[in-house]
Each structure stands twice: as C-alpha cells, then as structure tokens.
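Note sheet for the following structure.
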Amino acid sequence: MRIILFSGKGGVGKTTLAAATGVRAASLGHRALVMSTDAAHSLGDSLALRIGPEPTRVMDNLDAMEIDAQHELEREFGPIKNFLTRFFKGQGIEEVVADEMAVLPGMEELFSLLRVAELAQSRRYDLLLVDCAPTGETLRMLAAPDVLRFYFRKIFPVQRVLARTVRPVAPLVTSLPIPEDDVFAAVKRLYERIERLDPLLRDPKVTSIRIVLSLEKMVIAESERLFTYLGLYGYSVDAVIANRVLPDSLKGAYFERWGKTQARHMKRVREGFAALPILESPLRDEEVMGTLLLRTLSDEVYGERDPLSVFHTSRPPKVEKRGDGYVFSFDLPFASSDRVTAYAAGDELSVTIDNWRRNIVLPRSLSGREVVEARLRSGRLSVVFGGR
Ligand SMILES: Nc1ncnc2c1ncn2[C@@H]1O[C@H](COP(=O)(O)OP(=O)(O)O)[C@@H](O)[C@H]1O
Ligand SMILES: [Mg+2]
C-alpha cells in the first residue's frame, strides 16, 4: 500500500502529474485511486471526466474522486462543533464568533486526510494519489493532526474531569456546559482516527510527498520552503518533479533565453535537492488532458520506473544520549537558524520556523528536561536536552 501526495505552488502541474501517475500505475496493473483535496477541484477536467465525492471509474484499475471536505466535516464533527460553540458562548463569546471558533483552521483539510486514511485502510487500492491544494493549504492539512491532538488534550480532559466529578452540581458552580455522552463518543472516535493517521502518513515506506515545481525563481523558492516545513512535520519527500521543462527542439530563437534560464534554475534545484531524484516533465504543445495525453506525459516523467516505488526516504528523527542529557534531531532542509525557535514545556517540544509551528510530544526520557541548545547543521536541527 502506497500513498503519494503531489504538493507545490498553484498552477505548477500537481493535478496533471497526480492524474498522469494514476494512469501510468493503472496500466502497470496497480489498483490506483487519484483523489483531489483541493476545494477548487480540477481533477475531473484533467481526466476529461465528471467525477464526484465517491470513487468514480476512469479506466481499468483507476478510480478518481474529488473529496467534499465540508461535507466530511459536517458529518463527523457536527456534535463536537455544537458543543464547542456552547463552550465558547459560555465563556462570554458572541454566538457568531463562537461558531467560527469551533472550527479550527486546518479542520476541513484534516477531514480530507482522514478520508485518505480510511481509503488506505479499506485495502481496495494499492496506491492512493493525492492531488493537493497549493502549498499553504496542504501544509495546514498536514499540520492538522498535531494541532487537533494538541487542542483536544487542552480542552477535553478538563471537561472530562469536570463532567465526572461535579456533574450533578456543575450547572450551579460553573457556566461551562458539560459535554453529553455523544460528544465524548464523537471526540473519542475522532481522536482514535487521528491517532491512526500517524503510522500511515509518517511511515516513509507508505507515504511520500512528490514536490512539483516549474523552473522559475519564485516557484523554486516556495518549493524549498515547502521542503523545510515538510521536515518540520515529519513527512518524507521521495522526489521532485520539474514540470514544463522546455524540450531541446524549442531552445533556439525566441526560447533561447528561457532555455538558458531554465538550465540555470535546474542547476539550483539539483544542488538544493541533491539527495532526491529530480524527475523531468516536458512542456507539451497543448494542455495535458484526458488519459491518452496523461499516459504519454507520465511515460516521459517516469521512464522505466514504477511510479509506486519509494524513490527516496528522508532520514528519520533520532534521539541520542549525550552525557546525562539527550539530543533530539530531525531534518529541516534549507532552514537557517535565524528562522527557527525551539523550546520545551512539560512533555512537549515546540518548534517554530517562519509561521509554522509543531508541538511534538516528547519520548518519556526527554520530558521535563530543559532545552540547553538548538543547533542547525547541514539541514538538520539538533535540540540538546540537559540532565534532570
Ligand atoms: N507539462 C505540461 N505541458 C503543457 N501543459 C501543462 C503541463 N503541465 C500542466 N499543464 C497544464 O497547465 C495547467 C495547470 O496544471 P494543473 O495540473 O492544473 O496545475 P496545479 O494542479 O498545480 O494547479 C493545466 O491546464 C494543465 O493541462
Ligand atoms: Mg490542481
């Protein structure tokens, strides 16, 4: 079972390459499903087919679907949302605002991810290809499981204690509403589903991200940052796909400068993403739509390769003993130390880079220790914990 996510800046060719990979995998005999998590769905256009929120047959071995995240959210999160709205209202927050607050940023995206996991566990497919929304939304989606876990740990245990010990008199002593059993049941179910995401998504043998980019300065800069943030959230990138590469036949005359610029940018990509295979996808003379054109493109991208293969695995996070302290390290490619902060509180390590933060629950051996130092070297962050 493999899950491959196609991520990158808007318009670079994520949908096209996800669909093309699906067509190719299916023709090699893998049971594949391409699913779009971008609310602005264009997977149907790419496959030249009307597809809905349930798997629709495209060809032998290939299905496609466009996830309706809003619907997934309403279905699974309804009772929790109602409770949270009352909870926030009980704190004196206006109803409209409380209603907004009950749905966290990244929540919709989380339900897309849960749907991906559900289909992975159904064993109906050998390969799930996720056609992602542009960078920001995708990062929110990938960060969502941690954010939600954090949120649940902070809000619900308190509530549970309250509910257990002071239930009969609670309405007199506090304005906080007591969650009903169905809310607890819904929280528990959701929590368990989130817990099951990790072993799937953070296993580099199962899940890989393929970064799609075009050979333009702004796009490459965004892709480098994406690679950093994916490191922060612990996802493995297995390839970069450079799309719209000018074919040699076009490199004369008008396209001469473009050809040179692309060559220069390609050098930067090869150097910066040196550990990863760089696949090339040529600029075609028309929009790549429908299974025939997608198939031709995918043959050029993958050559002899099976798109299901794991082309690369990132180095996993590591905990090492040093003196009477420990060092916890993980990859943060392209990061510079002025952009990173790290601190520990209780059993959590909080790492921030630019505007992205991750709260990592620490192994028992590290919890309660102080961060003595955080050091970045060759794209890897080492957080040094002192003795107890
Ligand atoms: N290699 C290519 N050659 C020609 N057209 C392409 C190529 N890759 C993508 N396109 C076209 O570019 C447009 C945007 O691609 P799309 O896959 O929708 O990007 P994204 O999903 O990243 O926003 C589509 O019309 C697609 O057919
Ligand atoms: Mg798209």
Side-chain angles (χ1 to χ4, degrees), residues 4-25 33-53 58 62 64-69 108-109 112-113 116 128-142 209-216 218-227 230 237 239-251 254-255 258-259 261-262 265-266 269 278-303 307:
I4 303 171
L5 292 92
F6 292 78
S7 184
K9 196 168 161 65
V12 290
K14 298 176 293 297
T15 303
T16 306
L17 284 154
T21 306
V23 173
R24 160 117 177 162
L33 170 69
V34 198
M35 44 206 310
S36 153
T37 64
D38 190 348
H41 293 296
S42 59
L43 184 58
D45 296 335
S46 177
L47 290 162
L49 204 74
R50 259 184 81 114
I51 56 182
V58 178
L62 182 64
M65 65 185 274
E66 293 175 340
I67 296 178
D68 183 349
E108 247 184 75
E109 287 89 350
S112 294
L113 216 49
V116 174
L128 300 184
L129 297 154
V130 187
D131 164 25
C132 294
T135 319
E137 280 134 288
T138 299
L139 281 166
R140 250 198 346 241
M141 173 171 92
L142 295 175
I209 318 266
R210 290 194 183 151
I211 297 179
V212 183
L213 52 79
S214 54
L215 297 170
E216 292 157 299
M218 276 169 69
V219 176
I220 296 171
E222 183 167 322
S223 307
E224 290 175 352
R225 287 192 295 268
L226 171 63
F227 194 26
L230 290 171
V237 177
V240 169
I241 307 181
N243 189 24
R244 294 204 185 88
V245 177
L246 283 177
D248 286 336
S249 57
L250 271 185
K251 283 185 182 155
Y254 188 85
F255 287 104
W258 273 116
T261 312
Q262 281 208 346
H265 289 323
M266 185 61 108
V269 172
I278 316 290
L279 308 178
E280 287 187 33
S281 165
L283 173 71
R284 308 309 301 260
D285 59 2
E286 61 181 320
E287 274 188 81
V288 191
M289 286 178 171
T291 51
L292 272 178
L293 291 180
L294 288 167
R295 175 68 210 258
T296 325
L297 185 72
S298 70
D299 286 347
E300 293 188 71
V301 174
Y302 291 103

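Note that ligands are numbered from 1 as they come in the structure, with each ligand's atoms numbered from 1 the same way.
- On a distance-only criterion, Pro282 and ligand 1 share at least one N/O pair closer than 3.5 Å.
- With a 4.0 Å cut-off on non-hydrogen atoms, Asn243 touches ligand 1 through its side chain and not its backbone.
- For a distance bound of 2.8 Å, the N, O or S atoms of Thr15 include one lying that close to the Mg ion (ligand 2).
- Residues Val301 and Glu280 have side chains not in contact (no heavy-atom distance under 4.5 Å, counting atoms from C-beta outward).
- Scanning all protein heavy atoms for the shortest distance to atom 23 (O) of ligand 1 gives Gly11 N, 2.9 Å.
- When only interatomic distances are considered, the shortest N/O to N/O separation between Leu297 and ligand 1 does not fall below 3.5 Å.
- We find that Arg284 and Glu300 are joined by a salt bridge, their nearest charged nitrogen and carboxylate oxygen being less than 4.0 Å apart.
- Nearest-residue assignment for atom 14 (C) of ligand 1 (options Met289, Arg244, Lys14, Arg284; heavy-atom criterion): Arg244.
- If you check which protein heavy atom lies closest to atom 6 (C) of ligand 1, you get Val288 CG2, 3.9 Å.
- Looking at heavy atoms from C-beta onward, Asp131 lies out of side-chain contact with Phe6 at the 4.5 angstrom threshold.
- For ligand 1, the polar-atom distance check finds an N/O of Gly13 within less than 3.5 Å of one of the ligand's N/O atoms.
- In this comparison of Val245, Leu213, Thr16, the heavy atom closest to atom 9 (C) of ligand 1 sits on Thr16.
- Closest to atom 24 (C) of ligand 1, if we only count protein heavy atoms, is Glu287 OE1, 3.9 Å.
- Between Ile209 and Phe227, every side-chain heavy-atom pair lies at or beyond the 4.5 Å cut-off.
- Of the listed residues (Lys9, Glu300, Glu286, Glu280), the one carrying the non-hydrogen atom nearest atom 4 (C) of ligand 1 is Glu286.
- In terms of polar-atom proximity, Leu17 is not counted as a contact of ligand 1, lacking any N or O under 3.5 Å from an N or O of the ligand.
- Between Cys132 and Met141 the shortest side-chain heavy-atom distance falls below 4.5 Å.
- Using a 4.5 Å cut-off on side-chain heavy atoms (C-beta onward), Leu62 and Val34 make contact.
- The protein heavy-atom contact nearest to atom 18 (O) of ligand 1 is Thr15 CB, 3.9 Å.
- Contact check for Leu297 versus Ser281: side-chain heavy atoms found under the 4.5 Å cut-off.
- Counting heavy atoms from C-beta outward, Val23 and Leu294 have side chains that approach closer than 4.5 Å.
- His41 contributes no side-chain N or O that, together with a main-chain N or O of Ile51, makes up a donor-acceptor pair within less than 3.5 Å.
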